[in-house]
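The next block holds one structure in the form of structure tokens; read it before the comments.
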Protein chains: 2
Amino acid sequence: MDSLLEKRNPAMTESDVLELEGFLPYRLNVLATLVSHSLARVYGERFGISIPEWRILATLGQFNEMTAREIGQHSRMHKTTVSRAVSTLEKRQLLARRPNDQDMREAFLAMTPDGQSIYAEIVPLARSFARDLTQDIRPEDLAVLDRVLAQLMGRLNASSMDREEEA
Amino acid sequence: MDSLLEKRNPAMTESDVLELEGFLPYRLNVLATLVSHSLARVYGERFGISIPEWRILATLGQFNEMTAREIGQHSRMHKTTVSRAVSTLEKRQLLARRPNDQDMREAFLAMTPDGQSIYAEIVPLARSFARDLTQDIRPEDLAVLDRVLAQLMGRLNASSMDREEEA
DNA sequence: TATTGTTATACTCTATAACTATA
DNA sequence: TATAGTTATAGAGTATAACAATA
């Protein structure tokens, strides 16, 4: 791959060229895609769970009962994505609905015992995946990473580049 | 949104629960999606360029001429994605093919003058987008971010969780 | 036989819009 | 009028497989 170095574009000065390898949006995208797909392979192959489905289980693991709207807000998924993933999980009986008598438009969603037992199996896998990923990184660097990721998220949310639900 | 804090799942102890908000794969994914879409809006609305198309232009900006295979390696895109984006760029005359007489299976791809002028317009926009994104972050933290992202990428590549081209 | 690239096809995730049923 | 949720539909982006041309 070093052969590419011999092919630098001679028509451009350094200031004209944007280095993709050092460009933060590109790097974040490549990294996040690799991470997501690697992790999805862990729970996907074993339990037949998609990324949206996992996010819903993860949300219901943290909060006992939630409406679809709340799940979407917390896991940052579009309401149609949530609706379809909830429906799949319901068919597989990993999740159940309880009507809200105060507002019949919505329902409270919670994991069934089957859902909880899959969740209980996935959580340690997910934890060990994240641990493997970060095991070579110094703790103080991880702390910085934490802070910087939070700052970047804050910056993006503040710039109102966001979606319907948050408008 | 703090009302959610009142709803923590009482059936689970803290060690059973995985906090989505603190889970690195989830945070990377949400952040990268927000960043990509925000940036794609910048060049998408203005120039009608998709993410794969932009990555190809960016690669050809760095390297004068490349084959589709080399572009795919450098920009980490699947060969079918590259093939289709190249074809679109060619139709719009932002990119041209030059046959390789030594190997007629492949062709050398390069930006046309029109492609270069769009590239020259996008690069400052992309730079200023990245600058806006990181302007509140301390330089020493950005240096750590750089190093950690590289470590994470290295870790994922090493784990052979990768795609066809790199097998 | 292996490789470059294209195309057909399909899958995932996301998004818009139209709809329902409630409020 | 507005909101929660569903469904139809479409659009990216990605992937597999089959293929043509070439090595």
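Below, chain A is the first sequence line, B the second, and so on; all start at residue 1. Note that the structure is a prediction, hence the values are computed from the model and not measured.
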request  = Tell me which of A/Asp101 and A/Thr80 sits closer to the 5' end of DNA chain C, going by the nucleotide each one is nearest to.
outcome  =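 Going by which nucleotide is closer to the 5' end, it is A/Thr80.
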query = Do the rings of A/Trp54 and B/Phe23 sit parallel, tilted or perpendicular, given the 30° and 60° boundaries?
reply =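 Taking B/Phe23 first and then A/Trp54, their aromatic rings stand perpendicular (interplane angle over 60°).
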inquiry  = Once you measure the plane-to-plane angle for B/His74 and B/Phe63, does it fall in the parallel (<30°), tilted (30-60°) or perpendicular (>60°) bin?
reply    =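 Aromatic pair B/His74/B/Phe63 classed perpendicular.
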query = Does a side-chain N-to-carboxylate-O contact under 4.0 Å join B/Arg92 and B/Asp114?
reply =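 No.
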Whole-Å distance between [N] [atom2] and [X] [atom1]?
{"X": "A/Lys79", "N": "C/dC13", "atom1": "NZ", "atom2": "C1'", "result": "17 Å"}
{"X": "A/Ile71", "N": "D/dG5", "atom1": "CD1", "atom2": "C1'", "result": "12 Å"}
{"X": "A/Ile56", "N": "D/dG5", "atom1": "CD1", "atom2": "P", "result": "11 Å"}
{"X": "A/Arg98", "N": "D/dA4", "atom1": "CZ", "atom2": "C1'", "result": "16 Å"}
{"X": "A/Arg41", "N": "D/dT14", "atom1": "CZ", "atom2": "C1'", "result": "14 Å"}
{"X": "A/Arg105", "N": "C/dT20", "atom1": "CZ", "atom2": "P", "result": "16 Å"}
{"X": "B/Met66", "N": "C/dG5", "atom1": "CE", "atom2": "P", "result": "11 Å"}
{"X": "B/Glu106", "N": "D/dA21", "atom1": "CD", "atom2": "C1'", "result": "13 Å"}

At less than 4.0 Å, is any side-chain N or O atom of [X] found next to OP1 or OP2 of [N]? Yes or no.
{"X": "A/Arg97", "N": "D/dT6", "value": "yes"}
{"X": "B/Ser87", "N": "C/dT6", "value": "no"}
{"X": "B/Thr67", "N": "C/dT4", "value": "no"}

List the atom pairs, with distances to 0.1 Å, where a side-chain N or O of residues 96-103 of chain B and a protein N or O form a donor-acceptor pair under 3.5 Å, not counting sequence neighbours.
unit_1: B/Arg97; atom_1: NE; unit_2: B/Glu90; atom_2: OE1; d: 2.9
unit_1: B/Arg97; atom_1: NE; unit_2: B/Glu90; atom_2: OE2; d: 2.9
unit_1: B/Arg97; atom_1: NH2; unit_2: B/Glu90; atom_2: OE1; d: 2.9
unit_1: B/Arg98; atom_1: NE; unit_2: B/Glu65; atom_2: OE2; d: 2.8
unit_1: B/Arg98; atom_1: NH2; unit_2: B/Glu65; atom_2: OE1; d: 3.0
unit_1: B/Asn100; atom_1: OD1; unit_2: B/Gln102; atom_2: N; d: 2.9
unit_1: B/Asn100; atom_1: ND2; unit_2: B/Glu106; atom_2: OE2; d: 3.1
unit_1: B/Asp103; atom_1: OD1; unit_2: B/Arg105; atom_2: N; d: 3.0
unit_1: B/Asp103; atom_1: OD1; unit_2: B/Arg105; atom_2: NE; d: 3.1
unit_1: B/Asp103; atom_1: OD2; unit_2: B/Arg105; atom_2: NH2; d: 3.0

query = Where the side chain of A/Met104 is defined as all heavy atoms beyond and including C-beta, which of C/dT14, C/dT22, C/dT6 is the nearest nucleotide?
reply =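 The answer is C/dT22, which lies nearest to the side chain.
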message = Once you apply a heavy-atom cut-off of 4.0 Å, does B/Glu53 come out as touching a base, just sugar-phosphate, or nothing?
response = nothing
Any side-chain heavy-atom pair of A/His37 and A/Thr33 under 4.5 Å =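 Side-chain contact under 4.5 Å: yes.
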query = Got a donor-acceptor pair under 3.5 Å from the side chain of B/Arg84 to the base of C/dT9?
reply = yes
query = Which residue lies toward the 5' end of DNA chain D, A/Asp103 or B/Gln102, if each is placed at its nearest nucleotide?
reply =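 The residue closer to the strand's 5' end, by nearest nucleotide, is A/Asp103.
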